[in-house]
Structure formats: C-alpha cells, structure tokens
Amino acid sequence: MIQSVQRAFQLLEAIATAPRGARLSDIADAAQLNRSTTHNLLATLQELGYVAQPSRGGVYTLTDRLTDLARGASVADDLLRERLRPALEKITQDTGETCYLAVPAGAQYLCLDAVEARTPLRLTIPIGGREPLLGTAIGHALLSGRPDLRSRLAVDHPAAWRQAADRVEQARADGYALDLADYHPDISCAAVPLWEEDRARAAIAVAGPTTRLPEARLRQIATHIRETVTGQPSP
C-alpha cells in the first residue's frame with residue numbers, strides 16, 4: 001500500500017513539472033517505472049479526478065482538484081511572502097544582489113518571491129520557477145532542516161542523494177548552504193533556512209555572479225541574511 005501511494009505521488013510530481021502536460025513515456029521515465037505500471041496508476045488517478053487526459057493517447061495534466069487541496073498551502077505561502085518581503089528588500093539593498101524566497105515542492109523548490117538587484121546578471125530564478133532540491137544551495141538549505149525530505153530523496157533519488165549528502169550535512173552544521181557555481185555556471189549562491197516549528201519552512205537566498213560573490217563574501221551574506229530575518233546577531 002505504501003509503495004503504491006509513493007508511486008502515485010511520483011507520477012503527480014512528474015506531471016506537475018510539465019506545464020503543458022506530460023506523455024506516458026516521460027512520466028514513466030521520471031518515476032522510474034515501467035509503462036504498464038505507470039498507465040495503470042494514471043488510470044486510477046484519472047478515476048479519482050486528480051489527473052486528466054484531454055485526448056486519447058495524448059498528454060496527461062493535473063486537474064483543479066489538486067489545486068483545491070493545495071489552496072490552504074497557497075494562502076500560507078501568500079502570508080509568508082507578505083511577511084518576508086521587507087526582509088528581502090533590505091537584503092537586496094544591503095548586498096546589491098538579488099534575494100530569493102523559496103519553499104519545498106516535492107523533489108524541487110518553488111521560488112515564491114524575489115527582489116531583483118540593479119546590477120547585471122540579476123534574476124536567475126523566475127518567481128514561480130522550480131529547481132531541484134539536490135544540487136542547489138537553496139535545496140540544501142531546505143533539506144538541512146527537513147529530515148522527512150532527506151529520507152524520501154535518499155530512497156527516490158539514491159544516486160543524486162549520495163552526491164549531495166555531504167553538502168546537506170555541511171549546511172546542517174553551518175546553518176546555511178553555499179553554491180560556488182556548482183549548479184548554474186558562473187553563478188554563486190548563499191541560502192539560509194527559515195525555521196518554523198522545528199523545521200525549515202522556507203529558505204532565503206542571495207545569488208549573483210561568482211566574480212562578485214567569492215566564498216568569503218557568500219559566508220558574510222549568509223550571516224547577514226540570518227541576522228536580518230531573525231533580528232538577532234549570529235552567535
């Protein structure tokens with residue numbers, strides 16, 4: 001039963017990453033399932049009203065039923081965005097670089113908000129954009145405070161998890177995560193988890209060209225983010 005539920009959510013996540021819909025073969029590959037199993041699970045999700053296939057043999061899309069279920073989370077995200085907007089604006093003003101607010105979204109993170117810098121190479125992640133949790137500073141910052149997500153990714157994406165595990169553990173020890181042009185070429189990033197109820201609810205990050213953000217500067221920015229958001233000096 002647990003495995004079937006896990007597979008169903010893998011399919012939903014695979015479809016969610018394709019705004020125009022996803023084909024059976026692409027969904028099966030993303031979930032690492034054979035096509036027969038994928039087709040049967042999708043048929044069940046269609047019967048339950050979570051997935052639609054507008055044309056026979058065409059792409060699969062998510063229905064509004066999932067949107068309705070997530071509406072409460074969306075309201076919470078709106079409140080979070082409103083509450084943290086002044087902090088993002090201050091961080092951008094103080095650092096001269098673009099500041100982001102992101103939350104977990106399956107095996108990815110979702111960019112909820114961003115305040116762009118006026119300097120070149122500004123916005124690298126659009127608002128509403130998604131990127132992987134594994135391999136990115138924002139993702140590692142979130143994972144540092146989410147043991148539930150760490151456990152799931154270790155099972156669902158073992159190879160990628162093994163590559164990122166040490167960096168996630170370092171983020172747990174430091175209280176922030178760094179990316180020195182590891183994910184986006186020539187772009188560096190510092191990300192700090194935002195804690196609520198003993199877990200990372202979101203992450204705030206600053207990103208910009210590596211030429212402007214060497215490692216020492218990134219560590220200073222991480223400390224500044226933490227102090228700005230909490231209102232307390234770092235220990």
Side-chain angles (χ1 to χ4, degrees), residues 1-82 100-114 123-136 138-140 142-143 146 148-161 164 183-184 199-203 205:
M1 174 64 75
I2 293 176
Q3 188 177 44
S4 296
V5 173
Q6 182 182 45
R7 287 175 173 175
F9 275 101
Q10 287 176 328
L11 301 189
L12 293 173
E13 290 174 0
I15 298 171
T17 61
R20 297 182 180 180
R23 296 193 174 277
L24 173 64
S25 57
D26 296 328
I27 298 170
D29 290 344
Q32 299 180 342
L33 298 173
N34 63 54
R35 281 156 177 70
S36 176
T37 299
T38 302
H39 182 271
N40 292 337
L41 286 170
L42 287 171
T44 300
L45 290 171
Q46 279 185 271
E47 291 178 6
L48 293 172
Y50 291 103
V51 169
Q53 189 182 33
S55 61
R56 186 179 180 86
V59 298
Y60 291 86
T61 60
L62 299 181
T63 69
D64 290 339
R65 185 165 187 182
L66 276 174
T67 303
D68 292 340
L69 286 175
R71 199 172 303 281
S74 297
V75 171
D77 286 346
D78 288 343
L79 293 173
L80 182 69
R81 185 189 300 110
E82 181 179 353
Y100 302 92
L101 172 65
V103 294
Q108 302 173 310
Y109 68 79
L110 169 69
C111 180
L112 279 186
D113 200 4
L123 193 64
T124 59
I125 313 164
I127 297 174
R130 296 170 183 251
E131 290 191 337
L133 289 174
L134 295 175
T136 61
I138 292 176
H140 296 167
L142 290 168
L143 289 171
R146 292 294 295 268
D148 56 330
L149 291 179
R150 294 198 300 270
S151 298
R152 191 174 73 184
L153 291 174
V155 173
D156 293 347
H157 305 280
W161 170 252
Y183 189 76
H184 290 289
R199 69 171 189 164
R201 168 71 175 85

Quiz item: Given L24 and H39, is the side-chain contact (heavy atoms from CB on, under 4.5 Å) satisfied, shown in steps?
Solution: CA-CA 7 Å; L24 173 64; H39 182 271; 4.3 Å; yes
Exercise. Could you give me the CA-CA distance, side-chain angles and deciding distance for E131 and I138, then say whether side-chain contact (heavy atoms from CB on, under 4.5 Å) is met?
Key: CA-CA 9 Å; E131 290 191 337; I138 292 176; over 6 Å; no
Self-check item: Stepwise side-chain contact (heavy atoms from CB on, under 4.5 Å) check, D29 with R35
Solution: CA-CA 8 Å; D29 290 344; R35 281 156 177 70; 3.7 Å; yes
Self-check item: CA sep, side-chain torsions, deciding dist, call: L42, I27, side-chain contact (heavy atoms from CB on, under 4.5 Å)
Solution: CA-CA 10 Å; L42 287 171; I27 298 170; 4.1 Å; yes
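In this structure, the side chain of Q53 engages the main chain of G58 through a donor-acceptor pair within 3.5 Å. Side-chain atoms of R81 come within 3.5 Å of backbone atoms of L112 as a donor-acceptor pair (strictly under, hydrogens ignored). Formation of a donor-acceptor pair under 3.5 Å by the H140 side chain with backbone atoms of G135 is found in this model.
Expressed to the nearest 0.5 Å, how far CD1 of I15 lies from OH of Y60 amounts to 8.5 Å. Rounded to the nearest 0.5 Å, atoms CD (Q108) and OG1 (T136) are 10.0 Å apart. Taken from CZ in R23 to OG1 in T38, the straight-line distance is 15.5 Å, to the nearest 0.5 Å. To the nearest 0.5 Å, atom CD1 of residue I125 and atom CG of residue L101 are 11.0 Å apart. Atom CG in D113 sits 11.0 Å away from atom CD in E82 (nearest 0.5 Å). The CD atom of Q10 sits 9.5 Å away from atom CG of L41, with the distance rounded to the nearest 0.5 Å.
Closest heavy-atom contact between P54 and V59: CD-O, 3.5 Å. Minimum heavy-atom separation, A8 to L45: O-CD1, 4.1 Å. Contact detail for G139 and Y109: the closest heavy-atom pair is N-CD2, 4.0 Å. Contact detail for L142 and A202: the closest heavy-atom pair is CD2-C, 3.3 Å.
Using a 4.5 Å cut-off on side-chain heavy atoms (C-beta onward), L153 and L143 make contact. The shortest distance between side-chain heavy atoms of R201 and D77 falls below 4.5 Å. Looking at V155 and Q6, their side chains come closer than 4.5 Å, going by heavy atoms from C-beta outward. Using a 4.5 Å cut-off on side-chain heavy atoms (C-beta onward), V51 and L11 make no contact.
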